[in-house]
*Asks:* 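Sharing a structure below in C-alpha cells format, with a few things to ask.
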Amino acid sequence: MIKTRITEFFGIERPIVQGGLMWIARSELASAVGNAGGIGFMTALTFPDPEDFRAEIKKCRELTDKPFGVNLTFLPTMRPPDYPAYIQVCVDEGVQFIETAGRNPEPYMEQIKSAGIKVVHKCTSVRHAVKAEKVGCDAVSIDGFEAAGHPGEDDVTTMILVPLTRDAISLPIIASGGLGDGRGLVGALGLGADGINMGTRFVATREAPVHPNVKQALVDHNERDTRLIMRTLRNTERVMHNPVVDEVLAIESRGNTQIADIAPFVSGLVGKEMLEQGQMDKGILAAGQTMGFVRDIPTCRELLDRIMTDAEQIIREKFTQVVSS
Ligand code: NAD
C-alpha cells in the first residue's frame, strides 16, 4: 500500500489518475479506474450537449461508488463550448473534482470553488503551476514533453518539470507524461510527485471505449512513433505517426499555416470516427512516448494491480540494498 498526499486528496487507495482523454474518458473507463483503486476523469467536451454530459455523470455513479472527476479543457477549439454550462452540470451533480487544462482556469474558479469542488490544474510549465497555486487550485498535474496530446511549447520533460515544480509550489503534485508502469510511479514519487497521471496507457485497456484496432496500434507502435503537429500554431499536439500526420506536417512546412488548412485532418470529429471504426489512417490519435512500453491490453484492475506490485517490489528491493550497504 502506497499512501501519499494524492491518495488522501482524492480519498482513493492508489496514487494513479486517469486524466482527460477526448472522446475516450467516459463513464466506462473512469468507473473502471475508480473500481481498481485509482481515480478516473471524464472529459466534459466529449459530450457536445451539457445535458448528455449530465447523463454520463449519472451513468458513472451507477457503475461505481468510488470517486471520479471531470476534465475541462480550455484549448482552442473549432466548436467553442459553453464552459459555465458544463461547470453548472458538475455543480448540480455533486462532482467533487474538476481537472482544468489548456489555459489559466481563473475565470471559472469562483463558479467552481463556491460549489466546494476541488480543482486540479493540469499544466506544462513551472510558471503555470505557480500561477495555479496562486489562483486557488487545490492540486497540480504537471505534464512533461513525453506526454500525448498537448504538451505545451517549452519542450521540458517530466524528469525536469516534476522536481522543479516540487521546489516551486506546496500543493500536491501529479506527474504526467511518460508514465505507464510501476517503475514510472516510483520514479515520479522520487522526483517529488505525490501520484501519477496516465493517458495513453489507459487507452490500451479492456474497458477503454474505443475500437480494438486503436488499442492494438498502441501496442504495435514504439516510443519513436510519435510526431508533433500544430507547432506552427503554437498548439503543439503529440500524436501517433501515420500518413495523415505526414500530410499535416507537409502543409505546416509550407509556412503561414492557418487552422483551416489542416482542419479536415486534425478535426476531433474525424478522430472520433477513427476511434469508433478503427481505421487508423483516417485521422489523428493523441499518443505519448509511453507507447514504447505499452505491450498488452489488460483490464484496469490488472493494470493497477501490476503497477502497484511492481512499485512496491522496487521500493522493497532498493530499500533493502540501501539498508544492507
Ligand atoms: P477540435 O476538432 O475543435 O480541434 C482539433 C484540434 O485543433 C485540437 O487540438 C484543437 O486544440 C486544435 N484547434 C482548433 N481550433 C484551433 C485554433 N483556432 N488554433 C489552434 N488550434 C486549434 O477539437 P476536439 O477534438 O473536438 O477537442 C475539443 C477540445 O478539447 C480541443 O480544444 C482539444 O484540443 C481539447 N482536447 C482535450 C483533451 C482532453 O483530454 N481533455 C484531449 C485532446 C484535446
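As the structure is a computational prediction, the values presented were derived from the model and not from experiment. One-based numbering, in listed order, for ligands and for the atoms of each.
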*Asks:* Lys122 side chain to Gly20 main-chain N or O, any donor-acceptor pair under 3.5 Å?
*Replies:*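 Side chain of Lys122 to backbone of Gly20: no pair is present.
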
*Asks:* My understanding is that only residues two or more places apart in sequence, or in another chain, count here; which of them pass salt bridge (charged side-chain N to carboxylate O under 4.0 Å, His left out) with Glu153?
*Replies:*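 Scan of Glu153 (salt bridge (charged side-chain N to carboxylate O under 4.0 Å, His left out), adjacent residues dropped) gives Arg231.
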
*Asks:* I'd like the contact residues of ligand 1, where contact means a heavy atom below 4.0 Å.
*Replies:*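 Residues near ligand 1: Gly20, Leu21, Met22, Trp23, Thr43, Leu45, Asn71, Thr73, Leu75, Pro76, Thr77, Met78, Arg79, His150, Met230, Asn235, Glu237, Ile259, Val266, Ser267, Gly268.
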
*Asks:* Does anything in residues 81-115 pair up under ring-ring contact (aromatic ring centres under 6.0 Å, His included), and if so which pairs, sequence neighbours excluded?
*Replies:*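 Passing the test, one end in residues 81-115: Phe9-Phe97, Phe10-Phe97, Phe53-Tyr86, Phe74-Tyr83, Phe74-Tyr108, Tyr83-Tyr108.
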
*Asks:* Can you find a side-chain donor-acceptor pair between Thr290 and Arg201 that sits under 3.5 Å?
*Replies:*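 Side-chain D/A pair, Thr290 to Arg201: absent.
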
*Asks:* Step by step, work out the salt bridge (charged side-chain N to carboxylate O under 4.0 Å, His left out) result for Glu28 and Lys59.
*Replies:* CA-CA 9 Å; Glu28 297 90 340; Lys59 187 174 161 195; 3.4 Å; yes

*Asks:* List in chain and number order the residues that pass side-chain contact (heavy atoms from CB on, under 4.5 Å) with Asp65, two or more places apart in sequence or in another chain; answer none if no residue qualifies.
*Replies:*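 Asp65 satisfies side-chain contact (heavy atoms from CB on, under 4.5 Å) with no residue once adjacent residues are dropped.
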
